[in-house]
Structures are given as C-alpha cells and as structure tokens.
There are 2 protein chains.
Amino acid sequence: MQTIEKLLESKDIRVTAMRLLIYKFLAEKEIAVTLSDIENAFEKADRTTLYRTIKTFEEKDIVHQIDDGTGITKYALCENGCNCEIETDLHLHFHCNNCNETICLTDHKIPQIKVPDGFVSENVNLVVKGICDKCSR
Amino acid sequence: MQTIEKLLESKDIRVTAMRLLIYKFLAEKEIAVTLSDIENAFEKADRTTLYRTIKTFEEKDIVHQIDDGTGITKYALCENGCNCEIETDLHLHFHCNNCNETICLTDHKIPQIKVPDGFVSENVNLVVKGICDKCSR
DNA sequence: TAATAAGTGCAATGGAAGTGCATTTGTTAT
DNA sequence: ATAACAAATGCACTTCCATTGCACTTATTA
C-alpha cells in the first residue's frame with residue numbers, strides 16, 4: 001500500500017510497521033473504534049504504543065475523535081479532504097443503541113446551530129442515537 | 001420548600017434530608033455539575049450516597065445526564081415539563097472551553113436531524129463548544 | 001412494637017486515560 | 001560504514017471516575 005506511506009509522509013509522520021498496520025485496521029473498519037478494539041486486534045503490541053499512535057494520528061488530522069456518549073472515546077479515519085478542525089466541515093455521528101456501534105455519517109453535515117447572544121460557537125458535537133440500518137432490518 | 005417534597009413524591013421518590021439538599025443544590029446551580037462538584041458541596045456525605053441519589057433522580061427524570069466531551073459526566077435538573085426522553089424535547093448544551101462550565105440552553109431546541117434510510121433516530125445529543133457569555137465579555 | 005424495606009456509609013474493585021523511564025529502532029552526519 | 005542522535009516502542013506505574021458488595025442505620029408498615 002504505497003499510498004498509505006505517502007499519506008503518512010505528507011503529514012510528517014514517520015512510517016513504521018505499527019502505524020501502517022493500525023492505519024489499515026482503521027481503514028477496513030467502517031465504524032469508529034475504541035482503544036480496546038485496537039488492543040484486541042493487535043495483542044502483540046503494547047497498549048501505550050497503540051495509544052500514542054492514535055494520538056499522533058489525531059494530532060495530524062488522520063483520525064478524529066468521537067464522543068458518542070458511551071463514556072469511551074472512539075476514533076475513526078478522516079475522509080479524504082476531511083477538515084475535522086473546521087467547524088463548517090463537521091459531520092454527524094450515529095450511535096446504535098442495539099449493536100453499540102458508532103459510524104460517521106460523513107455526508108450528513110451538521111446544520112447551523114444558533115446560540116444566544118454573547119456565546120461564541122467554536123465547535124459542535126452531534127451524536128444521533130437510535131437503531132442503525134443493520135439492526136433495523 | 002414544600003414543593004420539592006411534592007415533586008419527589010409525585011415521582012415515587014422517598015423524601016430524605018439528603019435528597020432535598022441535593023435537589024436544592026442543583027436548583028441553585030445554573031450550570032451542569034459533576035459528581036465531584038456535589039461531593040465538594042457536601043463533604044459530610046458519602047460519595048456513594050450522592051452517586052446513588054443522582055442515579056435515582058436520573059431514573060425518575062428529575063435530572064438529565066450530559067456528556068459534554070470532557071470525559072466527566074455532568075448532571076442538570078430537568079426543567080418543568082422537560083421530557084428528556086422525548087426526542088422532540090431535546091435541548092442543546094453549551095460547553096465553555098474557557099471556564100469549563102456547561103449549561104443547558106433549554107429554549108434552544110435541536111433542529112430536526114435527517115438520517116439515512118434504514119436508520120432510526122431515537123435520541124440526539126448536541127453539545128456546542130466555544131466561549132460562553134460570561135467569558136466573552 | 002416487631003418486621004421489613006429503603007437509604008446511607010465504608011471499603012474495595014474495575015476500566016480507561018495518561019506519564020516516566022529504559023530499551024530498541026531508525027535517521028543523519030561525519 | 002559507523003558514531004551520534006532522535007524518534008518509536010514496551011513495561012510499569014499512577015490517577016481519576018464510575019460502580020458494586022456488604023454492613024449498618026433510618027424510615028415505613030403490619
């Protein structure tokens with residue numbers, strides 16, 4: 001996967017075996033994953049390494065953090081051209097109360113939210129909870 | 001405060017000194033509070049009691065839980081007639097990145113969110129982050 | 001007033017996040 | 001090529017919040 005290496009390099013991240021594996025793992029997943037998920041997938045690797053890898057990815061805008069209300073932070077790959085830090089680019093997340101999975105609804109942007117005078121909106125976190133398409137069938 | 005007692009009884013919650021105090025504490029606060037906040041306010045009481053009291057309040061829809069992304073769950077009193085469990089009644093929460101306080105914007109209802117076919121929306125959690133009115137002055 | 005249920009307090013557990021330090025691996029310059 | 005250096009990884013440990021089990025106290029009801 002030459003492309004992943006290029007991507008990492010373009011973000012000033014050194015290419016290591018671990019990072020390639022974790023990137024691939026995230027890319028295969030369509031859902032947001034917890035640190036434990038990654039841990040289970042790579043039992044040979046140390047938790048700290050996985051933790052720091054994810055944090056590195058997060059800093060470099062390769063993954064974004066999701067707070068779906070379960071109390072456990074999840075992570076998902078940013079899409080091509082995803083600018084997580086830009087407010088207007090924020091998409092919403094769907095958390096299934098049945099299978100407990102959280103997915104990015106990338107093409108569903110968050111509508112403009114009005115806040116009272118004096119309040120300055122910098123960021124919006126929107127999680128819709130319910131039953132996902134797999135579980136509702 | 002006869003009214004608080006009536007309220008608790010109407011929700012099938014036994015009136016105790018502790019519960020009245022905690023209710024009053026929450027009523028005085030305009031912001032959402034953490035368990036630690038309550039703990040600090042009632043140093044004589046045990047943490048467990050406070051925890052279970054809040055949980056009881058939550059079950060009976062007297063308070064609602066707020067996940068503002070700080071990783072610490074906060075709680076706030078439901079307003080009169082607030083039906084937290086009803087989707088259409090959901091208000092949004094504002095978290096100030098400066099003073100770290102979270103408040104309910106009760107009169108700001110969450111706009112209708114469209115989800116893809118197959119997805120069933122049951123609940124929406126919306127947290128706007130930024131600078132609150134006190135800090136922006 | 002005895003019996004019972006609910007509320008409270010103490011102690012302990014578990015899970016996730018985060019940090020310090022030693023070791024290994026990779027990069028760069030001589 | 002190799003020494004010097006920087007980054008990455010692994011291990012151990014700590015902290016913080018959430019949660020539970022059990023004993024004890026308080027309130028309710030028969």
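First the proteins, then the strands, lettered A, B, ... as listed; each starts at 1.
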I need the [atom1]-[atom2] distance between [X] and [N], as an integer number of Å.
X: A:Lys60; N: D:dA7; atom1: NZ; atom2: C1'; value: 12 Å
X: B:Ile72; N: C:dA16; atom1: CD1; atom2: P; value: 17 Å
X: B:Glu43; N: C:dC10; atom1: CD; atom2: P; value: 14 Å
X: A:Asp12; N: D:dA7; atom1: CG; atom2: C1'; value: 14 Å
X: A:Leu35; N: C:dA17; atom1: CG; atom2: P; value: 6 Å
X: A:Ile38; N: C:dA16; atom1: CD1; atom2: P; value: 13 Å
X: B:Glu39; N: D:dT19; atom1: CD; atom2: C1'; value: 14 Å
X: A:Met18; N: C:dT24; atom1: CE; atom2: C1'; value: 15 Å

Exercise. Is it true that atom NZ of B:Lys114 has more than 12 heavy atoms of other residues, nucleotides or ligands lying nearer than 6.0 Å?
Worked result: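 Count not over threshold, so no.
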Answer with base, sugar-phosphate or nothing: what part of the nucleic acid does [X] contact at a heavy-atom distance below 4.0 Å?
X: B:Arg47; result: base
X: A:Lys55; result: sugar-phosphate
X: B:Thr73; result: sugar-phosphate

Problem set entry | Presence of donor-acceptor pair under 3.5 Å, side chain of A:Thr48 and base of D:dC11 |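 Looking at the base of D:dC11, it does pair with a donor or acceptor on the side chain of A:Thr48 (distance under 3.5 Å).
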Exercise. Is the base of C:dG20 touched by the side chain of A:Arg52 through a donor-acceptor pair closer than 3.5 angstrom?
Worked result: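 Answer yes: a donor N or O sits under 3.5 Å from an acceptor.
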For this session: Compare side-chain N and O positions of A:Thr16 against OP1 and OP2 of C:dG26 and report whether any pair is under 4.0 Å apart.
Result: no
Exercise. Does B:Thr49 make a side-chain N or O approach to OP1 or OP2 of C:dG7 shorter than 4.0 Å?
Worked result: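 No, because none of the side-chain N or O atoms of B:Thr49 sits under 4.0 Å from OP1 or OP2 of C:dG7.
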Seminar exercise, completed: Whichever of B:Val15 and B:Tyr51 has the more 5' nearest nucleotide on DNA chain D, that residue is B:Tyr51
Exercise. Between A:Arg14 and B:Lys74, which is nearer to the 5' end of DNA chain D once each is assigned its nearest nucleotide?
Worked result: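 Here A:Arg14 is the residue nearer the 5' end.
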For this session: Identify the two heavy atoms, one from A:Ile62 and one from A:Tyr23, that lie closest to each other, and give their separation to 0.1 Å.
Result: CG2-CE1, 3.7 Å
For this session: Would you please test B:His93 and B:His95 for ring-ring contact (aromatic ring centres under 6.0 Å, His included) and show each step?
Result: CA-CA 7 Å; B:His93 297 111; B:His95 176 75; over 10 Å; no
For this session: Compute the ring centroids of B:Tyr75 and B:Phe57, then answer whether they are less than 6.0 Å apart.
Result: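 For B:Tyr75 and B:Phe57, the ring centres are not under 6.0 Å apart.
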Exercise. Would you call B:Met18 and B:Thr49 a side-chain contact if the rule is heavy atoms closer than 4.5 Å?
Worked result: yes
